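Here is the structure we will look at.
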Amino acid sequence: MIARASQLFLPTLRDAPADADAASHQLLMRGGFIRQMGAGLWSFLPLGWRVHEKIEQIIREEIDAIGGQEMRCPTLTPAELWETTGRIDVPILFHLSDSGGRPFVLSWTHEESMTFLARELQSYKELPQVWYHFSTKDRDEPRPRGGLLRLREFVMKDSYTFDADMAGLDAAFDRHEKAYTRIFERVGLDAYLVEAESGVMGGKSSLGFLAPTGSGENELMRCENGDYFADAEAARGAPQPPELPSPLDAPELVDTPGVGTIEGLAEFLGIAESATSKALPVVTGDRVVLALVRGDDRLSPEKLETFFEGAFRPATDEEIRASFGAGGGSLGPVGVGIEVIADEALREGQFVAGANEDGKHLRGVQAGRDYEPTFADIRQAKDGDACPECGGTLRIQTAIEVGHIFKLGTFHSQAFGATFLDEDGREKPLVMGSYGIGLARTMAAIVEQCHDEHGIVWPRSVAPYDVHVVALPGAGEIALQAAEALSATGLDVLLDDRDQRAGEKFADADLIGCPVRITAGKRSLEDGKVDVRDRASGDEKRLDVAELGKEA
RNA sequence: CGGGACGUAGCUCAGCCUGGUUAGAGCGCCCGCUUUGGGAGCGGGAGGCCGGCAGUUCGAAUCUGCCCGUCCCGACCA
C-alpha cells in the first residue's frame with residue numbers, strides 16, 4: 001500500500017503548541033497524529049489512527065491467543081445497571097438522560113455490562129469464559145492532562161474472566177499477566193509488572209504495568225540490580241539507617257519554644273531529622289489514632305489505608321486538643337491514651353518525640369519501653385532506600401500505568417445474581433477478573449520512550465508506515481518505483497511526493513518517525529540508486545531499487 | 001475540588017503596566033519569479049467578534065467585575 005503525502009491529511013507543525021508539556025504530547029501534535037477538541041478529548045488524525053489500530057491488532061492477537069472472545073458492549077447504558085452495584089455514585093461518571101427523561105450513564109468501565117450478560121452462564125460446564133472488547137470509555141476526570149496521558153474519552157481493551165473458583169481465577173489472571181507482558185514487548189514498550197492499589201475498582205488483588213517515561217503520573221520504584229519493581233506508592237524499601245545520638249536511660253523533657261516543624265526541631269536540637277519522629281493524628285471510623293513515622297520519612301496514605309482497611313482523614317485541631325492536650329507541633333506517643341501505629345523504622349533506637357505539651361519535646365523515646373505501638377510499614381519508600389530483595393539501591397522513576405489487571409472475586413456477580421450450578425449441584429457466584437489496557441495511553445508511552453531531538457522513532461510493529469520514501473526534485477519517477485517495489489513486498493509506504501524542499505521533507509520524516517527512510521534525489525540518481533536510512537541509528541546506505549525488495 | 005498561570009491570525013508570540021485614528025512580527029497559507037540532499041531568497045496577497053458578557057470612559061486589546069475555556073502543581077486513575 002502506498003500513501004501519497006501530497007494527498008494525506010498530515011498537518012505537521014514546526015513549533016509545538018505552547019501548552020504542550022510532555023514529549024509525547026508535543027511530538028504527536030507536531031507530527032500530525034492527533035488534535036485536541038477539548039480538555040482530555042482528542043481526535044486521531046489518519047497517521048495517529050493507523051498507530052492506534054496497529055496497537056489494537058497486537059492486543060487482539062494476544063488476547064485471542066489466551067482464549068479471549070471479542071465482542072462489544074455499548075458505552076451508553078441505562079442508569080439502573082449501575083445502581084445494581086452501587087457504582088452509580090462514582091464521581092467520574094458522566095450522567096445524561098434521553099428525551100423521555102430516563103437516566104443514562106456513559107460507561108467508564110464495563111464490569112456491569114459484562115456481568116449483566118454473564119447471567120446467561122448457567123453451568124460449570126460452560127466455564128471458564130474470557131470475554132473482551134475494545135470500547136470507548138468516558139470519564140469525567142477531575143484533571144485530564146498531558147495530551148494522551150490522561151483522557152476523558154478513550155478506547156480501552158478490557159477483558160473479563162468468569163471462573164468457577166479462585167483457582168480458576170488465578171489461572172486466568174496468570175494468563176492475562178503473560179499476555180500483557182507479550183503485548184508490551186510487541187509494541188516495543190519497556191514496562192514492568194508491579195503491585196498497584198486497586199482504588200475504586202475494589203477487589204482483592206491488582207497489578208499494574210508501569211512504563212518508565214519522561215512524563216507520567218506514576219512513579220516506578222526499581223532496584224538497580226533489576227530484581228525488584230514496584231509502584232512507589234506501595235513499594236517496600238528499607239530506609240537508610242538513622243543518625244542517632246547516644247541513648248538515654250529514660251526520656252528527657254526539653255524545651256523547644258516555637259518549634260513546630262521537624263526541620264526546625266532537628267536544627268534546634270542539633271541532630272539529624274532521622275533522629276526524630278513525626279506524629280500524625282488521624283481519624284478512621286470514629287476513633288482517633290496516632291500514626292508515627294521517622295522524622296525524615298513521609299506517611300504513605302495508601303499503606304495506612306491498607307492497614308486500616310478503610311479510609312482515614314487528618315484529625316482536626318479540636319480533635320487533637322481533646323486527645324493530646326497539646327497542639328499539632330508537639331505531639332508524641334508517650335502517655336497518650338489512644339492507639340499508636342508506628343512505622344517499622346521506629347522499632348529500634350531512640351528518637352525525639354513531641355511531649356504532648358506545647359513547646360516541649362522528649363529526647364530518647366524508645367518504642368517498647370516508653371510506649372507500646374502496633375508496628376506496620378506505613379512510610380513512603382524513597383529514592384535511595386535499600387531493596388527488600390537484595391539490599392541494593394532503589395531508584396524512583398516517572399512512569400505511565402499502561403495496563404492494570406484485577407482479581408475481582410464475586411462482588412459483581414453477587415450484585416447481579418450471576419450464578420452457575422457447580423458439579424456438586426450448588427448455585428455459586430461466578431468468580432471474576434478484569435483486565436484493562438488504554439490504547440492511547442500506550443501510544444503516548446511508546447512515544448515517551450521512543451523519540452530523539454528530531455522526532456518520534458516508532459518501533460516497527462506500530463509505526464504508521466513501514467517505509468517513508470522521500471522524492472526530491474527530478475527523482476519522482478525513481479521514488480515511485482522504489483515505493484512500488486516495497487509495496488509489492490507487502491510493506492506500507494508513505495511517499496512524500498509534495499512539492500517541498502529537501503530540508504522540510506527530511507525534517508518531517510524524522511518527526512513522523514517511520515523506521516526506514518528512503519531518499520531518491522540527484523545524488524543517488526547519478527548511479528541510479530536510492531539512499532536507505534535507518535531512523536533509529538541514522539545509518540545510511542545506497543541501494544539499487546531492485547535490491548529493496550530483498551532488503552525488506 | 002484547592003493553588004498558580006494563560007487566552008491577540010493556522011502555529012509561536014509582541015502590544016496591555018501608562019486607554020487615543022487603520023492591531024503588529026516571524027513561521028505557515030495563496031499567486032509570481034528564482035532556487036532545489038537538512039525547515040532557502042525576492043515581490044505581491046489573503047487571513048483577527050484581541051475568549052464572552054457587563055461596567056468605567058468622549059474613547060477599551062489595554063482599566064474593573066463576572067463568566068467561559070485551556071494548561072501546570074496537589075487530592076484520583078487505563
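Keep in mind that what you see is a predicted model, and the values were worked out from it rather than measured. Chain letters run A, B, ... following the sequence lines, proteins first, then strands; residues in each count from 1. Every heavy atom of this structure was used, including side-chain atoms; hydrogens, water molecules and symmetry mates were not.
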Sugar-phosphate, base or nothing in reach of A:Gly216, heavy atoms under 4.0 Å: nothing

Between B:rG7 and B:rA61 - C1' atom distance, rounded Å: 12 Å

Residue met sooner reading RNA chain B from 5', once A:Ala22 and A:Arg14 are mapped to nucleotides: A:Arg14

Ion pair A:Arg542/A:Asp531, N-O distance below 4.0 Å: yes

Salt-bridge contact A:Lys278-A:Asp297 (side-chain N to carboxylate O under 4.0 Å): no

Validation row, ring centre A:Phe33 to ring centre A:Trp458 under 6.0 Å: yes

Side chain of A:Asn218 - closest among B:rC1, B:rC72, B:rC77: B:rC77

Atom-to-atom span, OH of A:Tyr192 to P of B:rA78 - whole angstrom: 21 Å

Value in whole Å for how far the C1' atom of B:rC77 lies from CE of A:Met156: 11 Å

Sugar-phosphate, base or nothing in reach of A:Leu151, heavy atoms under 4.0 Å: base

Listed nucleotide nearest any side-chain atom of A:Pro473, set B:rC76, B:rC13, B:rU36: B:rU36

Between C1' of B:rU70 and CE of A:Met29, the distance in whole Å: 13 Å

Proximity to the side chain of A:Ala39 - top-ranked nucleotide from B:rU70, B:rG38, B:rU12: B:rU70

Test: A:Lys382 and A:Asp296 ion pair at under 4.0 Å: yes

Inter-nucleotide C1' distance (B:rU22, B:rG59), Å rounded: 16 Å

Candidates B:rC71, B:rG26, B:rA78 - which lies nearest the side chain of A:Glu141: B:rA78

Exercise: do A:His412 and A:Thr85 side chains pair donor with acceptor under 3.5 Å: no

Among B:rA75, B:rU35, B:rC77, the nucleotide that comes nearest once only the side chain of A:Arg441 is considered: B:rC77

Closest to side chain of A:Gln500, choosing from B:rA78, B:rC29, B:rC73: B:rC29

Nucleotide of B:rC11, B:rC1, B:rA78 approaching A:Pro142 most closely (side-chain heavy atoms): B:rC1

Sugar-phosphate, base or nothing in reach of A:Pro17, heavy atoms under 4.0 Å: sugar-phosphate

Pairwise 5' ranking along RNA chain B for A:Gly147 and A:Ala440, keeping only the more 5' one: A:Gly147

Sugar-phosphate only, base, or nothing, as touched by A:Gly38 at under 4.0 Å among non-hydrogen atoms: sugar-phosphate

Residue pairs passing the salt bridge (Lys or Arg N to Asp or Glu O under 4.0 Å) test where at least one lies in residues 447-458 of chain A, sequence neighbours excluded: A:Asp452-A:Arg535

Near-parallel close stack of A:Phe154 and B:rA78 base (under 5.5 Å, under 30°): yes

Out of B:rA40, B:rU70, B:rG39, whichever nucleotide has its closest atom nearest the side chain of A:Arg501: B:rA40

Whole angstrom value for the distance that separates C1' of B:rA78 from CG of A:Leu207: 15 Å

Sugar-phosphate, base or nothing in reach of A:Ser524, heavy atoms under 4.0 Å: base

Proximity to the side chain of A:Arg145 - top-ranked nucleotide from B:rG39, B:rG38, B:rC73: B:rC73

Sugar-phosphate, base or nothing in reach of A:Gly521, heavy atoms under 4.0 Å: base

Touch class at under 4.0 angstrom, heavy-atom based, for A:Glu153 against every strand present: nothing

A:Arg150 side-chain N/O to B:rC77 phosphate OP1/OP2 under 4.0 Å: no

Length of the line joining A:Asp499:CG and B:rC33:P, which is rounded to integer Å: 12 Å

